[in-house]
Amino acid sequence: MTDAALPTTLDAWLARLEAAHPVGIDLGLDRVAEVARRMGLLARPLARRVITVAGTNGKGSTVAMLEALARAHGLSTAAYTSPHLIRYNERLRLDGQEADDGLLIDGFTAVERARLVGEPVSLTYFEVGTLGALWAIAQRAPDLAILEVGLGGRLDAVNVIDPDVAVVTTVAQDHAAFLGTDIEQIGREKAGILRSGRPAVLGSLDLPASVREVADSLGAPVYALGEDFHWDEGLPDPGLPLDNAATALKALELAGVILEAEACRRALAEVRLPGRMQWLGQWCLDVGHNPHAAGYLAARLAARPCAGRTIALLGMLGDKDADGVMAALIPAVDAWVTASLAGDRARTAEDLAARLERLGAEVLHCADSPSAGADWLAGRLAPEDRVLVCGSFFTVAEVLPGRLASASPTAQTEGNDMRSEGVS
């Protein structure tokens, strides 16, 4: 195939990849490693230092804080994350800025050329995106590349690159169809990003024993939260999980950065992460979609009760533990609006409502979509009420643009967690 036959716009490329690989997940590194080798990605360092972040929850906030901290210390950075909320471009940031369409297209083109050299290699949507992002990062050769694992760790496409520092944030059940339900085995999968002789940062107080067992078997030096490092109370609360903030600081230090107090304070005060405890006036948007994440959300909401009611707008996919998420959130939520998501994997609003009612929760309304649910709620909120939009990236992605459009300019600049709640 000649380049002339390839798509010329980002939307066309994404449509092509989605059509070619509708399942989107095919765990294994052999195919990805072969194409990476053809692209020259394994022959030279991707960046001066690479930090890879795996975990069930907390990856995105850890990456965001790593990026902010590194930039505050004068380092050039590249950060690759997934999934995106609104635009695919969000998945790759260079020096804090989203990659433009042209760079992403060039990356996809480089992958396609390499994929077809010799024996053609089949790649999924995520694998093409990952290799394209790695190619783009390699063109810049930044001081620090921060790579977020998409699913698992050991067999994820990101793991084709050897990190200088590996981070495991949390281990909980999610993606059961691919990772199973054995928490020790899930821990071994996450720990698959660890490398012999290179630092392993364990960023949770409650990790399965298998994570440390893998580190010990590799001879990877372990730095564990609560044992080897802690959160510094003298630093500003970033509005993101403090365990993840402490983990980011330790990982950056192990990557060779001499931490400066003022740079750390500035970075943590300014870091933002859309869709993670993001407050826009009365509305809080969080992409949490498993019981572990829901428990964290409930605890943060309970820590700052509001004068009115807390109403959850919930939309979820069918392969997620809806009952577990609901049970975790019910103590912090007074009433619910459920929303149907689009696609074969989605749960209907009626299914979610029935599950909630079996748990004794009050369901106010079933909406055809998250945006319809948000519109229904918007005209019925008392000034002292607050809304939690949660359950899926898809739920938050559909509601976020409308909330941004209706928010005041001050609210649009507000950050994560309770700093910007605006209610007592």
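Hydrogens, waters and symmetry mates are skipped; everything else that's a heavy atom, side chains included, is used. The model shown is predicted, which means the values in this text are computed figures rather than measured ones.
Glu184 places a side-chain N or O within donor-acceptor distance of the main-chain N or O of Ser210, the cut-off being under 3.5 Å. Asp385 places a side-chain N or O within 3.5 Å of a backbone atom of Ala382 that can act as its donor or acceptor partner. Lys59 places a side-chain N or O within 3.5 Å of a backbone atom of Gly55 that can act as its donor or acceptor partner. A distance-only check finds no donor-acceptor pair linking the side chain of Thr395 to the backbone of Gly391 [under 3.5 Å]. For the pair Arg154 (side chain) and Ile193 (backbone), a donor-acceptor distance under 3.5 Å is absent. The closest donor-acceptor contact from the side chain of His73 to the backbone of Glu260 lies under 3.5 Å. Between the side chain of Glu398 and the backbone N or O of Ser371, at least one donor-acceptor pair lies under 3.5 Å. A donor-acceptor contact shorter than 3.5 Å is absent between the side chain of Arg386 and the backbone of Arg309. A distance-only check finds a donor-acceptor pair linking the side chain of Glu90 to the backbone of Ile86 [under 3.5 Å]. Checking side-chain atoms of Glu112 against main-chain N and O of Thr109 turns up no donor-acceptor pair under 3.5 Å.
By the 4.5 Å heavy-atom criterion applied to side chains, Arg140 and Ser76 are not counted as neighbours. Side-chain contact between Val158 and Thr52 is present, with at least one heavy-atom pair separated by less than 4.5 Å. Inter-residue side-chain proximity for Leu400 and Gln278 is flagged as met; some heavy-atom pair is nearer than 4.5 Å. Thr8 places none of its side-chain heavy atoms less than 4.5 Å from the side chain of Ile105. Here the side chains of Ile330 and Leu359 are in contact, with some heavy-atom distance below 4.5 Å. Val149 has its side chain out of reach of Val53: every pair of non-hydrogen atoms, C-beta onward, lies at least 4.5 Å apart. Proximity of Cys264 to Leu235: side-chain heavy atoms (C-beta onward) are separated by under 4.5 Å at one or more points. Taking the side chain as every heavy atom from C-beta outward, Ser392 and Leu341 approach each other to under 4.5 Å.
The OG atom of Ser340 sits 6.0 Å away from the CG atom of Asp368 when rounded to the nearest 0.5 Å. Note: Arg304 CZ to Arg300 CZ = 10.0 Å, rounded to the nearest 0.5 Å. Note that CE of Met39 is 12.0 Å distant from CZ of Arg115, once rounded to the nearest 0.5 Å. Summarising the geometry, atom OH belonging to Tyr80 is positioned 12.0 Å from atom CD1 belonging to Ile161; distances are rounded to the nearest 0.5 Å. Annotation: the span from Ile311 atom CD1 to Leu381 atom CG amounts to 5.5 Å, rounded to 0.5 Å. Rounding to the nearest 0.5 Å places CH2 of Trp231 at 10.5 Å from OG1 of Thr247.
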Given salt bridge (charged side-chain N to carboxylate O under 4.0 Å, His left out), test Asp286 with Arg276 step by step and report yes or no.
CA-CA 5 Å; Asp286 193 279; Arg276 277 74 163 188; over 6 Å; no
Criterion side-chain contact (heavy atoms from CB on, under 4.5 Å) on Trp135 and Val111, from CA distance to verdict:
CA-CA 8 Å; Trp135 177 88; Val111 175; 5.6 Å; no
Set out, in order, the CA-CA distance, both residues' side-chain angles and the distance that settles side-chain contact (heavy atoms from CB on, under 4.5 Å) for Leu254 and Asp164, then state yes or no.
CA-CA 9 Å; Leu254 291 168; Asp164 296 288; over 6 Å; no
Step-by-step salt bridge (charged side-chain N to carboxylate O under 4.0 Å, His left out) determination, Arg71 to Asp95
CA-CA 7 Å; Arg71 295 185 65 233; Asp95 291 327; 5.1 Å; no
Carefully, step by step, assess Asp237 and Leu268 under the rule side-chain contact (heavy atoms from CB on, under 4.5 Å).
CA-CA 7 Å; Asp237 186 340; Leu268 294 172; over 6 Å; no
side-chain contact (heavy atoms from CB on, under 4.5 Å) between Met326 and Val333, intermediate numbers included
CA-CA 9 Å; Met326 294 168 181; Val333 175; over 6 Å; no
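Other residues, nucleotides and ligands contribute only 12 or fewer heavy atoms inside 6.0 Å of the CZ atom of Arg48. The neighbour count for Gln97 CD, taken as heavy atoms of other residues, nucleotides or ligands under 6.0 Å away, does not exceed 12.
Within the structure, every pair that satisfies the ring-ring contact (aromatic ring centres under 6.0 Å, His included) test and touches residues 349-387, not counting sequence neighbours, is listed here: His365-Trp376.
Asn57 and Asn290 share a donor-acceptor pair across their side chains, judged by distance under 3.5 Å alone. The closest side-chain donor-acceptor pair between Arg91 and Thr81, if any, does not fall under 3.5 angstrom.
Here the shortest heavy-atom pairing between Gly129 and Phe108 reads CA-CE2, 3.8 Å. The shortest non-hydrogen separation linking Ala79 to Val63 is CB-CG1, 4.1 Å. Heavy atoms only, all atoms of each residue included: Met316 and His289 are closest at CE-O, 3.9 Å. Of all heavy-atom pairs spanning Thr169 and Thr56, the tightest one is OG1-N, 4.3 Å. For the pair Glu362 and Asp334, the tightest heavy-atom approach, listed with the atom from each and the gap, is OE1-O, 3.9 Å. Among all heavy-atom pairs drawn from Leu151 and Asp156, the shortest one is N-OD1, 2.9 Å.
Looking at residues two or more places apart in sequence or on another chain, you find a salt bridge (charged side-chain N to carboxylate O under 4.0 Å, His left out) between Glu67 and Arg93. Shown here are the ring-ring contact (aromatic ring centres under 6.0 Å, His included) partners of His84, two or more places apart in sequence or in another chain: Tyr88.
Checked against Asp101 for a side-chain contact (heavy atoms from CB on, under 4.5 Å), the options Asp11, Asn89, Thr9, Asp106 give a single hit: Asn89.
Ion pairing between a basic and an acidic side chain is recognised when a charged N comes within 4.0 Å of a carboxylate O; Glu227 and Arg212 show such pairing.
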